[in-house]
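To start, the structure under review is shown below, and the notes come after it.
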There are 2 protein chains.
Amino acid sequence: MQDIARKVGVSPMTVSRALRDGTSVNTQTREAIRQAVEELGYVFDSTAANLRQQRTGFVAVTIPSINNANFADTVRGLSDGLKVHGLQPLLGYTDYDIDQEEALVEQLLRRRPEAIVVTGGQHTPRCRRLLESAGIPVVEIWDLPGQPVGHVVGFSNAAAAGMLIDHLVSTGRTRIAFIGGEAGRDSRGADRRAGFIAAMQRHGLDATRLIAAGVPPVSMLEGAAATRALLQQAPDTDAVLCVSDLVAFGALTECQRLGIAVPDQMAIAGFGNYEVAEICVPPLTTVNPFPEQIGRQTAATLLSLLGLSADNLPQNSKISPELLVRASTLS
Amino acid sequence: MQDIARKVGVSPMTVSRALRDGTSVNTQTREAIRQAVEELGYVFDSTAANLRQQRTGFVAVTIPSINNANFADTVRGLSDGLKVHGLQPLLGYTDYDIDQEEALVEQLLRRRPEAIVVTGGQHTPRCRRLLESAGIPVVEIWDLPGQPVGHVVGFSNAAAAGMLIDHLVSTGRTRIAFIGGEAGRDSRGADRRAGFIAAMQRHGLDATRLIAAGVPPVSMLEGAAATRALLQQAPDTDAVLCVSDLVAFGALTECQRLGIAVPDQMAIAGFGNYEVAEICVPPLTTVNPFPEQIGRQTAATLLSLLGLSADNLPQNSKISPELLVRASTLS
DNA sequence: GTGAAAGCGCTAACAA
DNA sequence: TTGTTAGCGCTTTCAC
């Protein structure tokens with residue numbers, strides 16, 4: 001700024017003013033400064049401004065995996081909602097591991113974000129403490145934690161799984177299996193599994209057809225392998241609920257390879273409303289958790305909490321996932 | 001730090017030292033400081049350190065879309081490679097638009113990253129100038145620009161498309177179509193399209209079966225719609241090359257819905273080696289551009305350029321995409 | 001509309 | 001091993 005000030009013949013303070021909107025600077029002076037900026041190739045140093053203003057414009061965001069269309073949609077909704085107000089997401093991923101989450105949260109907080117968004121409601125004790133004492137808005141998403149740290153934009157994964165089981169049972173299926181990741185890591189997956197068990201018991205059905213398909217994120221190939229295992233262990237299974245549409249699609253392809261008719265011999269349901277579930281043949285019954293809406297709503301919540309928006313939103317927004325019944329479960 | 005210094009009875013400078021590794025501080029003093037940090041819930045302020053040290057630990061990264069498994073894999077490889085050296089990616093997406101790229105690059109440079117990675121080699125003139133004069137290493141990835149700004153980790157999208165056409169022609173296909181996004185936005189997609197045309201002409205074949213499937217990112221549903229359009233316009237088509245596996249999968253499902261046998265009546269090839277292409281029935285012929293390797297190699301290049309690694313890498317790494325021939329093109 | 005002084009929270013450099 | 005001084009590049013505050 002000093003270089004520009006010298007060049008234009010003003011003080012650095014005037015340059016600082018000219019570079020911001022809503023400040024009173026002589027129009028010609030401002031224009032001259034704009035020009036000098038271009039000529040000198042000056043790029044504003046926001047690290048210095050951040051320190052002085054004690055505002056970084058960062059919103060820290062942790063997601064389990066960057067390579068997941070559901071979370072990517074959430075990040076997009078969040079990003080787009082924040083961008084208008086000059087806020088920028090500072091993204092990190094945890095690999096579905098709460099110890100990595102702790103390390104990540106600590107690292108992110110050092111950057112002095114103005115708010116933090118974490119996926120899930122399960123944290124290490126130290127991570128919880130860090131979040132609580134950070135002195136910034138905290139939003140937990142994609143879950144409905146029993147003891148939320150701050151605000152919540154999410155839904156019950158267990159209840160959503162229950163919806164799918166209710167549907168399967170209502171269409172006459174009784175020997176229903178669940179394919180998911182190994183317990184303990186992906187807490188949303190674990191909740192869906194718990195929701196499966198609870199719903200099955202509610203219907204008086206056997207809830208022991210549980211297949212662990214590997215370490216989260218469980219994907220299409222593992223879904224196919226798990227389906228093979230399932231059909232060996234329990235060949236009379238007539239329906240399978242998968243922890244995600246990706247796993248469900250893997251199951252569908254395995255059935256196709258094995259000559260098992262879907263939905264006639266086997267009903268398949270997934271979770272997440274991934275694009276593949278809509279377009280595959282037959283299309284997969286699933287639940288839409290509205291990932292992008294989670295992001296947008298989180299952005300709205302944050303803007304309200306940060307006093308950047310007039311709307312006074314309800315700061316805990318429950319998302320209502322939608323059951324999408326498609327041909328994969330309709331015989 | 002002053003609070004901690006007071007509490008422990010040392011100067012802030014000693015606290016600063018105690019909080020870093022490789023500094024000489026009395027073991028007991030260091031321990032006392034660690035404890036005071038915990039008790040007071042102090043979190044290091046890296047914005048201040050960044051300003052003082054003129055080092056942020058950020059590496060700016062632009063990708064076209066966050067919701068794309070290929071780019072996500074690249075980001076993961078890059079992230080993991082940088083993490084070990086304390087560098088953190090600062091991610092933004094351009095929506096396949098070079099004007100948005102310009103705005104994003106400018107915004108990212110204000111954060112004073114230590115290097116910048118941009119996807120693609122096509123930029124607005126101003127964006128190019130910004131990158132050139134940023135005074136930090138620049139790496140262009142996923143492409144082989146004619147006039148690179150700095151370093152490159154990529155491959156020729158046109159040549160990769162040519163490999164697929166050569167394969168289709170070698171299996172006897174002649175009436176081959178291309179489905180991609182509307183020209184002008186996704187430059188890698190446009191390169192694949194150009195590679196398709198060049199390869200077809202090389203084989204003396206008609207290269208006019210070009211279907212535009214909408215604004216990038218083109219996805220499964222649009223791939224299916226484009227396939228319907230293709231079959232109306234040119235029902236005698238015997239093979240189709242798609243700009244990505246996602247589009248190709250959409251095409252496959254459309255053929256299934258229309259009762260067109262793949263590969264017997266129609267060969268389908270994609271691009272990117274997405275998981276869906278490996279597992280679907282029949283699996284899709286594609287090209288693997290090794291997205292995660294692009295990320296890892298970019299990280300290695302940067303570490304070398306930043307003097308953080310001893311290896312003196314060749315700083316322009318050409319990735320060699322691999323042709324994966326699968327059942328979707330083998331009749 | 002403009003400028004001077006001070007300081008955000010850290011650390012490099014030097015001194016002890 | 002520890003402390004003092006100065007300053008990173010901005011912006012707040014106050015004065016003119």
Side-chain angles (χ1 to χ4, degrees), chain A residues 1-34 36-37 40-58 86 88 106-114 133-136, chain B residues 1-34 36-37 40-58 86 88 106-114 133-136:
Chain A
M1 280 189 177
Q2 224 161 37
D3 294 348
I4 292 167
R6 245 194 305 273
K7 177 154 182 158
V8 178
V10 291
S11 77
M13 197 53 236
T14 300
V15 178
S16 170
R17 287 200 185 91
L19 263 31
R20 279 172 296 167
D21 299 328
T23 49
S24 47
V25 174
N26 180 294
T27 318
Q28 290 163 39
T29 312
R30 178 166 258 151
E31 198 35 58
I33 288 171
R34 290 252 159 91
V37 163
L40 296 180
Y42 166 78
V43 176
F44 182 86
D45 187 334
S46 87
T47 58
N50 293 341
L51 178 60
R52 175 64 240 226
Q53 299 185 115
Q54 298 294 86
R55 287 199 60 230
T56 57
F58 279 135
Q88 184 178 5
E106 183 164 25
Q107 192 202 347
L108 292 172
L109 289 177
R110 292 169 164 233
R111 301 276 187 191
R112 292 292 185 268
E114 298 180 33
S133 58
I136 53 176
Chain B
M1 279 191 176
Q2 222 161 37
D3 293 349
I4 293 166
R6 244 193 305 274
K7 177 155 183 159
V8 178
V10 292
S11 76
M13 195 58 231
T14 302
V15 178
S16 171
R17 287 199 185 92
L19 263 31
R20 278 173 297 168
D21 300 328
T23 48
S24 47
V25 174
N26 180 292
T27 317
Q28 289 162 37
T29 311
R30 178 165 257 149
E31 196 37 55
I33 289 170
R34 289 253 159 90
V37 163
L40 296 180
Y42 166 78
V43 177
F44 183 85
D45 186 336
S46 88
T47 59
N50 293 342
L51 178 60
R52 173 66 241 225
Q53 299 184 120
Q54 298 295 84
R55 288 200 58 230
T56 58
F58 279 136
Q88 183 178 5
E106 183 164 25
Q107 192 203 347
L108 292 172
L109 289 177
R110 292 170 164 234
R111 301 276 187 191
R112 291 292 184 269
E114 299 181 31
S133 58
I136 54 176

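Heavy atoms only: backbone and side chains are in, while hydrogens, waters and symmetry mates are out. Chain A is the first sequence line, chain B the second, and so forth, proteins listed ahead of strands; every chain is numbered from 1.
For the 3.5 Å distance criterion, the side chains of A:Arg112 and A:Gln54 fail to qualify, holding no donor opposite an acceptor. Side chains of B:Arg30 and B:Thr14: no donor on one and acceptor on the other come within 3.5 Å.
Shown here are the salt bridge (charged side-chain N to carboxylate O under 4.0 Å, His left out) partners of B:Glu31, two or more places apart in sequence or in another chain: there are none. Taking the ring pair (Phe, Tyr, Trp, His ring centres under 6.0 Å) definition, one finds that A:Phe44 meets it with nothing, sequence neighbours left out. When the side-chain contact (heavy atoms from CB on, under 4.5 Å) test is applied to A:Gln53, the partners found at least two apart in sequence or on another chain are A:Ala49, A:Arg55.
Phosphate contact (OP1/OP2 of C:dG9, side-chain N/O of A:Gln54, threshold under 4.0 Å): present. The phosphate of D:dT2 (OP1 or OP2) has no side-chain N or O of B:Ser11 nearer than 4.0 angstrom. A close approach under 4.0 Å does occur between a side-chain nitrogen or oxygen of A:Thr29 and OP1 or OP2 of C:dT2. Taking only side-chain nitrogens and oxygens, B:Tyr42 comes nearer than 4.0 Å to OP1 or OP2 of C:dC10. One finds a side-chain N or O of B:Thr14 lying less than 4.0 angstrom from the OP1 or OP2 phosphate oxygen of D:dG3.
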Per-nucleotide protein contact string for nucleotides 11-16 of chain D (B base, S sugar-phosphate only, - none; heavy atom under 4.0 Å): BBB---
Side-chain atoms of residues 1-10 of chain B: list all donor-acceptor pairs with protein atoms under 3.5 Å, sequence neighbours left out, distances to 0.1 Å.
{"unit_1": "B:Asp3", "atom_1": "OD1", "unit_2": "B:Arg6", "atom_2": "NH2", "d": "3.1"}
{"unit_1": "B:Lys7", "atom_1": "NZ", "unit_2": "B:Glu39", "atom_2": "OE1", "d": "2.8"}

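When the nucleotides C:dG9, C:dT2, D:dG3 are ranked by their closest atom to the side chain of B:Leu51, C:dG9 comes out on top.
Comparing the helix axis at one end of the helix from C:dG1-D:dC16 to C:dA16-D:dT1 with that at the other, each defined from 5 consecutive pairs, gives an inter-axis angle of 30° (nearest 10°).
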